[in-house]
Amino acid sequence: MDSIHLDIVTPERAAYSEDIHFVSVPTINGTLGILPKHTNLISMLVEGEIKIEASGKEIYLAIGGGFMEVTKDHILILVSRAYHADELNEAEIKKAHLSAKEALSQKGKTADYGAAQAILRRSSLELKVLRHRKRRMGLPDTL
């Protein structure tokens with residue numbers, strides 16, 4: 001099976017670097033799937049979930065916005081943040097999720113409302129990535 005090298009980089013670290021068979025990424029125009037031998041491409045990425053298929057496994061990461069460059073033999077993803085499911089703290093995410101929902105229900109100040117929306121969006125995404133991990137491990141979905 002053909003492969004292509006994928007690097008996912010944040011300002012703090014290299015979050016992923018492996019040869020892969022497929023990756024799907026959230027772009028401003030929807031989810032885009034990339035296979036080996038894809039045509040050259042530069043795309044803006046939005047906050048969302050990346051799905052990677054490599055060595056018969058599926059790997060999920062929660063990412064912030066950024067950019068992707070695809071060339072004949074390499075995919076470079078530069079994003080503001082990227083977390084694997086095993087790097088996420090379920091208890092903290094649930095707490096942030098509930099706090100954000102509460103803040104949104106109170107319709108407070110505009111700045112607080114926008115921050116609460118961002119936290120709710122981010123925590124929902126991270127909970128989704130955690131669900132994938134639980135399914136893969138055969139654990140009950142209690143999220």
Side-chain angles (χ1 to χ4, degrees), residues 1-106 108-137 139 141-143:
M1 181 179 261
D2 287 338
S3 64
I4 187 167
H5 193 79
L6 169 64
D7 285 308
I8 301 175
V9 181
T10 73
E12 291 81 32
R13 67 190 180 116
Y16 188 89
S17 182
E18 297 285 333
D19 287 341
I20 63 159
H21 305 294
F22 172 80
V23 64
S24 68
V25 295
T27 73
I28 59 172
N29 296 316
T31 302
L32 179 64
I34 306 291
L35 293 164
K37 300 180 184 174
H38 193 283
T39 188
N40 291 351
L41 169 76
I42 293 178
S43 181
M44 182 183 236
L45 303 181
V46 296
E47 183 175 56
E49 177 183 53
I50 289 181
K51 176 184 175 186
I52 301 166
E53 293 178 12
S55 304
K57 297 185 296 185
E58 290 182 352
I59 301 154
Y60 294 88
L61 285 86
I63 65 160
F67 296 90
M68 173 180 66
E69 177 187 40
V70 178
T71 62
K72 178 179 72 164
D73 56 358
H74 188 245
I75 303 168
L76 175 61
I77 295 177
L78 303 171
V79 288
S80 60
R81 60 187 184 82
Y83 296 103
H84 296 260
D86 58 353
E87 296 175 304
L88 299 172
N89 183 317
E90 183 177 340
E92 286 182 16
I93 294 167
K94 284 182 174 180
K95 183 178 175 182
H97 191 80
L98 289 173
S99 294
K101 278 186 170 181
E102 185 178 315
L104 290 173
S105 71
Q106 294 175 6
K109 298 178 183 173
T110 307
D112 294 339
Y113 193 80
Q117 285 179 315
I119 291 168
L120 184 63
R121 195 173 48 250
R122 185 177 309 130
S123 62
S124 295
L125 169 64
E126 290 171 349
L127 288 170
K128 182 178 177 186
V129 169
L130 282 170
R131 278 190 192 97
H132 289 299
R133 179 176 177 232
K134 285 188 171 200
R135 279 191 214 121
R136 191 174 62 241
M137 295 174 70
L139 299 172
D141 186 0
T142 58
L143 302 176

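Because the structure is a prediction, the values reported are computed rather than measured. For reference, positions follow the sequence shown, starting with 1.
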Report task. Return the set of residues passing side chain to side chain contact (heavy atoms under 4.5 Å, CB included) with L35 (not counting sequence neighbours), or none when no residue passes. Result -> F22
Query raised in the report: What residues, two or more places apart in sequence or in another chain, satisfy side-chain hydrogen bond (donor to acceptor under 3.5 Å, both in side chains) together with R81?
Result: E47, E126
Query raised in the report: Can you name the salt bridge (charged side-chain N to carboxylate O under 4.0 Å, His left out) partners of K72, sequence neighbours left out?
Result: none
Query raised in the report: Sequence neighbours excluded, which residues qualify as side-chain hydrogen bond (donor to acceptor under 3.5 Å, both in side chains) partners of E69?
Result: none
Query raised in the report: Quick one: does L6's side chain get under 4.5 Å of S17's, heavy atoms only?
Result: no
Query raised in the report: Listed by chain and number, what are the salt bridge (charged side-chain N to carboxylate O under 4.0 Å, His left out) partners of E18, not counting sequence neighbours?
Result: none
Query raised in the report: Looking at G64 and S80, what are the two nearest heavy atoms and their distance?
Result: CA-OG, 3.4 Å
Query raised in the report: Out of curiosity, H38 NE2 to I4 CD1, how far, rounded to the nearest 0.5 Å?
Result: 9.0 Å
**Report entry** Residues forming a side chain to side chain contact (heavy atoms under 4.5 Å, CB included) with K101, sequence neighbours excluded
**Finding:** H97, L120
Query - Those residues that, when tested against A82, pass side chain to side chain contact (heavy atoms under 4.5 Å, CB included) (two or more places apart) - result: I8, T10, A15, L61, I63, V79
Query raised in the report: Hey, what do you get for CD1 (I28) to OG (S43), rounding to the nearest 0.5 Å?
Result: 6.5 Å
Report task. Only one of V23, L45, L41 passes side chain to side chain contact (heavy atoms under 4.5 Å, CB included) with L32; say which it is. Result -> L41
Report task. With sequence neighbours excluded, tell me which residues meet side chain to side chain contact (heavy atoms under 4.5 Å, CB included) with A54. Result -> Y16, I20, I52
Query raised in the report: Taking only residues at least two apart or on different chains, which pairs with a member in residues 22-34 satisfy side-chain hydrogen bond (donor to acceptor under 3.5 Å, both in side chains)?
Result: none
Query raised in the report: Can you name the ring-ring contact (aromatic ring centres under 6.0 Å, His included) partners of H74, sequence neighbours left out?
Result: H5
**Report entry** Sequence neighbours excluded, every pair satisfying salt bridge (Lys or Arg N to Asp or Glu O under 4.0 Å) that has a member inside residues 28-43
**Finding:** D2-K37
Query raised in the report: Partners of E92 by salt bridge (charged side-chain N to carboxylate O under 4.0 Å, His left out), sequence neighbours excluded?
Result: none
